[in-house]
2 protein chains.
Amino acid sequence: MSMRKDGLATREKILDGARDLVLRLGYSGMKIDHVLEHVGITKGAFFHHFKTKDELAKALLRRYASQDALIYAETREQAEKLSDDPLQQILIFIRLFEDMFSEMTEPYPGCLLASYVYELQQFDDETRSLLHETFARWRTLLQEKFELIVKKYPPKTPVNPAQLADGFTVVLEGAFILAKAMNDARMASEQLRLYRNYIELLFAAPAPAR
Amino acid sequence: MSMRKDGLATREKILDGARDLVLRLGYSGMKIDHVLEHVGITKGAFFHHFKTKDELAKALLRRYASQDALIYAETREQAEKLSDDPLQQILIFIRLFEDMFSEMTEPYPGCLLASYVYELQQFDDETRSLLHETFARWRTLLQEKFELIVKKYPPKTPVNPAQLADGFTVVLEGAFILAKAMNDARMASEQLRLYRNYIELLFAAPAPAR
DNA sequence: GCCTAAACAGACCAAACGGTCCGGAAATAT
DNA sequence: ATATTTCCGGACCGTTTGGTCTGTTTAGGC
């Protein structure tokens with residue numbers, strides 16, 4: 001029942017190290033020996049916690065997805081506390097993410113899901129559907145808000161709430177890529193600001209809280 | 001001087017096959033033996049055309065970048081023929097890309113540059129700066145237009161032409177990722193439409209040509 | 001304090017992988 | 001025709017890589 005020794009801490013260290021390396025080298029480029037050196041453990045420790053590299057991949061993905069879901073949920077709650085209006089909630093939501101990224105001094109290391117997507121073929125169905133579900137959950141989260149907004153504030157142009165919701169993820173993922181390629185830490189917050197600007201113009205919102 | 005035999009055709013076949021596999025498996029996931037089987041050649045043929053796998057990587061990137069530059073240039077020319085107004089030119093430019101992607105029946109296989117970016121650490125400086133330059137060129141291409149537009153049509157909100165230009169690439173790259181993850185071929189054209197919609201609202205353009 | 005099982009360390013292994021080498025076919029120059 | 005060079009097939013090689021195995025240490029249960 002209780003965690004014996006400190007095995008769980010080692011497991012987390014492995015997951016952290018592997019995540020860092022996957023974001024720098026890709027999943028195939030991340031070699032186990034490299035993780036061992038990076039984390040400061042041995043083969044015995046690693047394979048005690050993970051039967052295979054594939055199992056590490058899945059654990060890594062699951063952890064990342066749940067951590068991300070937590071951030072999304074917390075940010076959403078925070079936005080909902082600051083306003084009752086769905087449009088304002090979305091605008092605050094985006095702005096909170098902008099603030100998160102604007103404080104960074106070097107480019108965001110990237111999204112683990114995206115790095116998996118670009119090596120998609122070598123993962124099994126379980127991993128692929130996990131990716132699908134995670135992105136789908138992000139879509140649903142914002143889609144609900146946009147449906148409320150569309151009803152309350154007639155958009156200047158006919159728009160699809162699901163597409164608008166995907167837009168957030170699209171901008172984030174795209175910005176991560178350009179941020180790394182151009183070595184520009186401000187990319188993510190800048191592009192999110194443009195996305196927020198779009199939402200403002202589309203629904204003709206009053207000037208948002210600064 | 002002249003190309004003897006048909007070695008150049010084989011070289012192209014290798015590049016095509018390698019590109020396909022990189023987009024499915026990533027660069028590290030793309031194994032040479034797999035390329036040989038996919039293309040239908042042998043080790044002797046491969047290493048006759050490319051000294052190392054790294055050299056293949058660079059050749060692949062250079063070819064992709066120049067092909068992409070050609071598409072951008074042609075689309076830009078086409079847009080400039082259809083209108084003299086910089087704003088209309090941009091809107092047509094985006095729409096032409098939308099049309100390119102709307103005809104697809106399966107998700108766009110992805111951008112080779114992006115797949116390199118997510119394994120960036122394992123490439124040398126030459127490759128990395130080639131990535132940087134390619135993205136920078138795309139930025140400049142649209143930035144010039146946006147600078148003209150901003151002067152001619154005062155935007156509803158203060159905007160940065162370079163950031164607006166990056167927005168196009170950001171949306172494209174992000175859409176490719178979601179398209180693969182969600183297995184949705186329409187993602188790219190849909191998200192480009194939203195980007196175009198943003199530009200329209202921002203500069204309060206008249207309804208674009210349908 | 002003793003037992004048990006988790007939590008490692010590290011030598012070892014088989015397969016996969018990038019790359020070499022040499023022989024031969026095929027095309028071109030002379 | 002012959003020499004020469006490109007082009008390619010395929011056996012071979014050293015290293016890397018994911019994974020195994022055995023032994024040892026360490027932390028709790030009693």
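Letters A, B, ... are given to chains in the order of the sequence lines, protein chains preceding strands, and every chain is numbered from 1.
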From NZ of A/Lys43 across to C1' of C/dC12 the rounded distance in Å is 10 Å
note: A/Arg11, atom CZ; C/dA7, atom P; distance rounded to Å ~ 11 Å
Does CZ belonging to B/Arg76 count more than 12 external heavy atoms closer than 6.0 Å?
yes
Does B/Cys111 offer a backbone N or O that forms a donor-acceptor pair with the side chain of A/Tyr118 under 3.5 Å? yes
When rounded to whole Å, the CD1 to P distance for the pair B/Ile14 and D/dC7 reads 11 Å
In whole angstroms, the gap separating C1' of D/dT22 from CZ of A/Phe47 amounts to 16 Å
Aromatic ring pairing A/His34/A/His38, orientation class (parallel under 30°, perpendicular over 60°, tilted between)
perpendicular
Among the nucleotides D/dC8, D/dG18, C/dG19, whichever has the atom closest to the side chain of B/Ala45 is D/dC8
Between CG of B/Leu8 and C1' of D/dC7 the distance, given in whole Å, is 12 Å
note: B/Leu56, atom CG; C/dC17, atom P; distance rounded to Å ~ 16 Å
**Report entry** Side-chain N or O of B/His48 closer than 4.0 Å to phosphate OP1/OP2 of D/dC7
**Finding:** yes
Check: Do any side-chain nitrogens or oxygens of A/His49 fall under 4.0 Å of OP1 or OP2 in C/dA6?
Finding: no
Among the nucleotides C/dA9, D/dG9, D/dG19, whichever has the atom closest to the side chain of A/Thr42 is C/dA9
SB check A/Lys31 A/Glu37 (cutoff 4.0 Å) | no
When rounded to whole Å, the OH to C1' distance for the pair A/Tyr27 and D/dG18 reads 10 Å
B/Glu37 CD to C/dG18 P, in whole Å, measures 14 Å
- Is the shortest side-chain N/O distance from B/Thr52 to OP1 or OP2 of C/dG18 below 4.0 Å? no
